[in-house]
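Structure, as C-alpha cells:
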Amino acid sequence: TYQPFDWDEYLKETNSVAAPASCFKQAVTPPHNEFKVSMKLEALDPRNVTSTCIATVITVLGSRLRLRLDGSDNKNDFWRLVDSKEINPVGHCEKSGGMLQPPLGFRMNASSWPMFLTKTLNGALMAPANIFQKEPPSPKCNLFQVGQKLEAVDKKNPQLICCATVGAVKNEQIHVTFDGWRGAFDYWCRYDSRDIFPVGWCAKSGHPMQPPGQKNSTGHARYKFKPALTAPIPPISSTVAESPEADTSAPPPPPITIQVRKSCMGGPLIDATQ
Ligand code: MLZ
C-alpha cells in the first residue's frame, strides 16, 4: 500500500515551514484529470515554442500528462498540467488563424508533413474540449522566502515531483534545491513557474512524491546505509540519468585482508609483499 510522505512530521523534524499556497501559480485544488492514454491534443513544441503540434497522451498521472509530439521520437516526451496554457483541443490552432507544424526533429521528410498530419488525425481519439482546465491566476509578485519547503519537478527526471526547499530568492526568481541531494538537480525558476507546487499537492492530486534523499542539510547521511544501497529506490519507469550523489558521503568500505599462500603470486592487483 502506498504511504504518502508525512509532511507534518518532516516540517517538525527540519524545523521549517511550507511556502504558503498563495506563493504559487497553481489551482487551490489540483485540477481533475479526465484525459486518457492515446488521446490527441495540440501542444506547443517545448523545443520551439512558436509552433503548435499534435501530441498524444502517453501517461496520465495526478493532474499531469506525459505527452509525445506526433512525428517525433520517444526520447523527447514532456509533462504538462491539465490546466497548462500550452495545451489545447485539436482545432484550436486553426481557429485562431494558425497552422499545425511538424515537431522539431520530425522523423520524416518535411514534404510528407501534410499527409502525415492527415493520417495521424484520421480516426484518432481527440481529447474533448471540456477536460482542458483554465490556467490558474498568478500571484502578483514573488512572495517566496528562503527556507520554505515546496514540491518541485526534478527537471532532469521530469516525471518526478520531489521534496524541495527555496534556497535563494532574487527578483522574480527562486532557487529550488532538492532535500537530501547535492546541487546537481537544483535550478532557478520564476516564482510563477508551473513546475513548483505547495506542500501536499502531490497527495491531493494523486501524484507520487519523491521523499528527500539521504543527506541532511549538513551534507551528512541521515542514516547509515550499505554503500551500494544508498540510492533511493527509483519509481517504476524512472529514466535513470544521474547516479545518486548521496553515495559520496557513505563511509569507505574497510580495508580487506586477504590471506595469501607464500607460493601464490596473487596476480597483478595483489601486493603479496605486505
Ligand atoms: N535516477 C536518479 C533520480 C534522482 C532523483 C533526484 N531528485 C532530486 C537516481 O536515483 O539517481
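Here, residue 1 is the first one in the sequence, and each next residue gets the next number. Bear in mind that the values here come from a model prediction, so they are computed numbers and not experimental data. In listed order, ligands and their atoms are each counted from 1. Side chains are part of it too, since the values below use all heavy atoms of this structure and drop only hydrogens, waters and symmetry mates.
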Is Glu94 atom CD crowded by more than 12 heavy atoms from other residues, nucleotides or ligands, each under 6.0 Å away? no
Between the side chains of Asp186 and Thr177, is a donor N or O closer than 3.5 angstrom to an acceptor N or O? no
Note: ligand 1 atoms sitting under 4.0 Å from heavy atoms of Cys162 are 7 (N)
Interfacing atoms of ligand 1 (cut-off 4.0 Å, heavy-atom, Phe178): 8 (C)
Aromatic ring pairing Tyr187/Phe178, orientation class (parallel under 30°, perpendicular over 60°, tilted between): tilted
Asp154 heavy atoms, cut-off 4.0 Å: which ligand 1 atoms fall inside? 5 (C), 6 (C), 7 (N), 8 (C)
Give a yes or no on whether the backbone of Gln159 and the side-chain of Asn157 come within a donor-acceptor separation of less than 3.5 Å. no
